[in-house]
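Below: one structure, written as structure tokens.
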Amino acid sequence: MSLEVRPVGDHEEFGRAVNAIGQYFSPPPGPEMLERFAQFLPYERMHAAFDEGEIVGGAGALPFDMSVPGGSLPCGGVTVVGVYPTHRRRGVLRAMMDEQLRDVHGRGEPLAALWASEETIYGRFGYGRASWAGDLTVTREHGGFAQPLERRGRVRFVEPDEALDLFPPIWEELARQRPGVFARTEAWWRLRRLRRPDEEAGSPRRFVALELDGKTRGYAIYRTFFGFEGGSSSSRLVVQEALGTTPQATAEIWRYLLDVDWMASVEVSLAPPDHPLFLLLASPRRVRYRMGDGLWMRVVDVGAALSGRAYADGPPLVLEVRDAVCDWNDGRWKLEDGDCARTDAEPDLALDASALGAAYLGAVPFAQLRDALLLEELRDGAVARADRLFAWRPLPWCPEIF
Ligand SMILES: CC(C)(COP(=O)(O)OP(=O)(O)OC[C@H]1O[C@@H](n2cnc3c(N)ncnc32)[C@H](O)[C@@H]1OP(=O)(O)O)[C@@H](O)C(=O)NCCC(=O)NCCS
């Protein structure tokens, strides 16, 4: 096999590269979907693997900013990664990951992020599990709040055109409040979040805005799935996104969703473990919650990434980073007063790039990494010191798989 990896040059190559992952979807992406996709994934960010001129794999990186503790940084949002089944396990993915990370680095994006189809794939490329996300289901009989909510807002249905004005500022507020939120372009809103796809015609997306104190302070996007079993409703309300800019707004938008009549259950995916619902509800024990890995983070440039987030005050910390894939990161780095630079000083901790990626957003403590044998504490108390610096609340939350 003679393998070459380079960005695609035109729409025809783009289609064949995206269709590597298309081999695993049904239906595979058609022409319309590819046209839409090309609106947020530029050709130069879609790498293809060629074997003697034939495209055998593809890997994209969406160019967006991502919120990090105390700010935001350019990030490659890794997506549509696939290898044609005819060429599996011959190093095609590895060749694409190498080239993509070099490209992300060359563009000055200090971070890469992804959602993993399988948890076993990306650790070897320096990605770490940096946030937790879960599917949450509340049944009608257990949807009551612990404290009575004095409702002050007004919820109303809106059409996509109006939602395009009203919803983005609320998403942007989430990005100011939490790490792990990627910036959405207008095309993203129109073509991904606010579109009503034909295949959802039976249960179309519904859009509601919450007005509170004269401003739009929350929204929800949801679908309902009708059902009746044994004479009683078994309908489900599936929330795609429900956000409020303030605690009152979040409580109100959830009260609305939990009160829609006929719904036997309300479900939402990707909820973080510190979602307000766990304390708003009177019976959190009755909530079904299945938590797993959420966003995976890759520190592509240690100096820029670590200098680009905020920390608690504390003494300097020296990290010995092992990075076989992005070898420019390999070595010792000193974090002092929020700046991270190369150093010759003796290290406090030694860890792989994937463990650093896991710790980066503040959700995974260094102590937990140590207990999982994922880092070495080289100086007494260094783990506790690192945790005081890096810990961040609220936890990261990325409410959409990209
Ligand atoms: C996952 C996928 C991209 C792997 O491609 P590939 O070209 O077969 O992978 P490579 O041959 O380059 O393997 C690189 C390494 O990853 C490992 N690996 C590859 N796929 C893996 C998987 N699904 N689970 C665990 N390990 C995997 C290989 O064993 C190899 O390990 P090593 O370097 O330690 O020896 C391919 O199987 C695929 O397209 N799967 C379906 C779509 C998908 O899941 N895409 C990812 C979307 S997030």
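Everything quoted here is computed from the prediction, not taken from an experiment. Just so you know, ligand 1 is whichever comes first in the structure, and atom 1 is the first atom listed for that ligand.
Not less than 6.0 angstrom separates the ring centroid of W188 from the ring centroid of F64. A ring-centre distance under 6.0 Å is found for W171 and F182. Aromatic rings of F207 and F157 (six-membered ring for Trp) have centroids beyond the 6.0 Å cut-off, not under it.
Some N or O of L93 is nearer than 3.5 Å to an N or O of ligand 1, by distance alone. Polar contact with ligand 1: present for E118 (N/O pair, distance under 3.5 Å). Of the polar atoms of H87, none of the N or O atoms is found under 3.5 Å from an N or O of ligand 1, judged by distance alone. Polar contact with ligand 1: present for G91 (N/O pair, distance under 3.5 Å).
Side chains of T139 and R286: a donor-acceptor N/O pair is absent below 3.5 angstrom, by distance only.
Closest approach of W397 to V181, counting heavy atoms only: O-CG2, 3.3 Å.
One option in R88, R124, E119 has a heavy atom closer to atom 30 (C) of ligand 1 than any other, and that option is R124. For atom 43 (C) of ligand 1, the candidate residues are S117, A59, G22; the nearest heavy-atom contact is made by S117.
A salt bridge is defined here as a Lys NZ or Arg NE, NH1 or NH2 lying under 4.0 Å from an Asp or Glu carboxylate O, and R178 with D274 meets this definition. By the 4.0 Å N-to-carboxylate-O rule, E186 lies close enough to R190 to be salt-bridged with it.
Interface of W115 with ligand 1, defined as ligand atoms under 4.0 Å from a residue heavy atom, comprises 48 (S). Heavy-atom proximity to G82, at under 4.0 Å, picks out these atoms of ligand 1: 39 (O). Proximity to R90 (heavy-atom distance under 4.0 Å) selects the following atoms of ligand 1: 11 (O). Shown in contact with V92 at under 4.0 Å from a heavy atom are these atoms of ligand 1, numbered in order with element: 7 (O), 12 (O).
Using a 4.0 Å threshold on non-hydrogen atoms, atom 12 (O) of ligand 1 counts as touching the protein.
Looking only at heavy atoms of the protein, atom 33 (O) of ligand 1 is closest to R94 NH2, 2.9 Å. Here the protein heavy atom with the shortest distance to atom 37 (O) of ligand 1 is R89 NH1, 2.9 Å. Nearest protein neighbour of atom 42 (C) of ligand 1, counting heavy atoms only, is Y24 CD1, 3.7 Å. Residue, atom and distance of the protein heavy atom nearest to atom 45 (N) of ligand 1 are V81 O, 2.8 Å. The shortest contact between atom 24 (N) of ligand 1 and any protein heavy atom is with T120 OG1, 3.1 Å. The shortest contact between atom 1 (C) of ligand 1 and any protein heavy atom is with I121 CD1, 3.6 Å. Protein heavy atom nearest atom 39 (O) of ligand 1, with residue, atom name and distance: V83 N, 2.9 Å.
Residues V92 and L3 have side chains in contact (heavy-atom distance under 4.5 Å, counting atoms from C-beta outward).
In Q23, neither the side chain nor the backbone holds a heavy atom less than 4.0 Å from any atom of ligand 1. With a 4.0 Å heavy-atom cut-off, ligand 1 is reached by the side chain of Y122 but not by its N, CA, C or O.
Between F14 and H11, the ring planes are parallel. Angles under 30° get that label, and only those over 60° would be called perpendicular.
Taking the ring axis of F145 as reference, the NZ or CZ atom of R255 stays within 45° of it and closer than 6.0 Å to the ring centre. In this structure, R370 forms no cation-pi arrangement with F366, as its terminal cationic atom is not both closer than 6.0 Å to the ring centre and no more than 45° off the ring axis.
Expressed to the nearest 0.5 Å, how far CG of L210 lies from OG1 of T245 amounts to 8.5 Å.
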